[in-house]
Amino acid sequence: MNGSRTFTMIKPDAVEKGVGGAILKQIQESGFKIIALKQTKLSLEQAQKFYFIHRERPFYNDLCSFMSSGPIIPAILEKENAVEDFRKLIGATNPANAEAGTIRKNYAESIDKNAIHGSDSDENAQIEGNFFFTEVERF
Ligand code: ATP
Ligand code: MG
């Protein structure tokens with residue numbers, strides 16, 4: 001392995017707008033290697049399971065219904081310092097606060113429709129990658 005791994009999902013708002021390919025291009029041009037990739041759609045129950053960590057937050061129900069509202073593009077990515085560097089590449093949770101050139105500044109509309117997810121730790125990257133991908137889906 002060359003570096004560490006993180007997990008991402010291009011969210012329903014960005015897939016719906018047809019900017020999934022442009023976002024993947026920016027990710028690759030920023031030095032991340034794609035280890036696993038697909039397009040899929042979560043049921044409400046699957047979204048609730050994925051975001052279980054946020055179950056007490058006031059936005060949990062809205063988040064789960066949004067994340068199950070349309071197709072998403074999950075991926076496992078590899079790079080040195082992957083988790084931290086990818087969080088920098090996507091920018092602040094609220095695109096209004098995201099730095100110029102970040103994926104959320106470029107493609108997100110609002111804090112709840114913010115185009116992309118990035119894992120917040122090595123441990124969560126592994127858990128989240130395992131949620132979507134089997135061993136034979138990683139290269
Ligand atoms: P992500 O986990 O999607 O990469 P994040 O780590 O920047 O985003 P979290 O605090 O983990 O932010 O929140 C998960 C998601 O919940 C956010 O991406 C956003 O879509 C939504 N969210 C967070 N805070 C709010 C809020 N105050 N109002 C509405 N939605 C929110
Ligand atoms: Mg998060």
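Remember, it's 1-based here, ligands and their atoms both numbered in the order they're listed. Since the model is a prediction, treat every value here as computed from it, not as a measurement.
Taking atom 5 (P) of ligand 1 as the reference point, the nearest protein heavy-atom neighbour is T93 OG1, 3.6 Å. Considering only non-hydrogen protein atoms, atom 1 (P) of ligand 1 sits nearest to H117 ND1, 3.1 Å. Given atom 6 (O) of ligand 1, the protein heavy atom at minimum distance is R87 NH1, 2.8 Å. Counting only heavy atoms of the protein, atom 26 (C) of ligand 1 lies nearest to F59 CD2, 3.6 Å. What sits closest to atom 8 (O) of ligand 1 on the protein, heavy atoms only, is R104 NH2, 3.3 Å. Counting protein heavy atoms only, atom 4 (O) of ligand 1 is closest to G118 N, 2.9 Å.
Less than 4.0 angstrom separates some heavy atom of N114 from each of these atoms of ligand 1: 17 (C), 18 (O), 19 (C), 20 (O). Less than 4.0 angstrom separates some heavy atom of R57 from each of these atoms of ligand 1: 10 (O). Numbered from 1 in the order shown, with element, the atoms of ligand 1 that lie under 4.0 Å from a heavy atom of H54 read 9 (P), 11 (O), 13 (O), 14 (C). Of all the atoms in ligand 1, the ones that sit under 4.0 Å from a non-hydrogen atom of K11 are 3 (O), 17 (C), 18 (O), 20 (O).
Judged by the 6.0 Å and 45° rule, K38 forms a cation-pi pair with F133. A cation-pi arrangement is absent between R57 and Y60 under the rule of less than 6.0 angstrom and at most 45 degrees off the ring axis.
We find that K113 and E16 are not joined by a salt bridge, their nearest charged nitrogen and carboxylate oxygen being 4.0 Å or further apart.
One option in L63, I53, I90 has a heavy atom closer to atom 15 (C) of ligand 1 than any other, and that option is L63.
Ring centroid separation for the pair F7 and F131 does not come in under the 6.0 Å cut-off.
Residue K17 places its NZ atom among more than 12 non-hydrogen atoms of other residues, nucleotides or ligands, all under 6.0 Å distant. Counted within 6.0 Å of CD1 on I53, heavy atoms from surrounding residues, nucleotides or ligands total 12 or fewer; the atom is thus considered open. Residue K105 qualifies as enclosed at atom NZ: its count of foreign heavy atoms under 6.0 Å is above 12.
Considering backbone and side-chain N/O of I111, one or more are found under 3.5 Å from N/O of ligand 1.
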TODO: Let me see the working for Q26 and L89 under side-chain contact (heavy atoms from CB on, under 4.5 Å), right down to the final yes or no.
DONE: CA-CA 9 Å; Q26 184 173 352; L89 177 64; 3.8 Å; yes
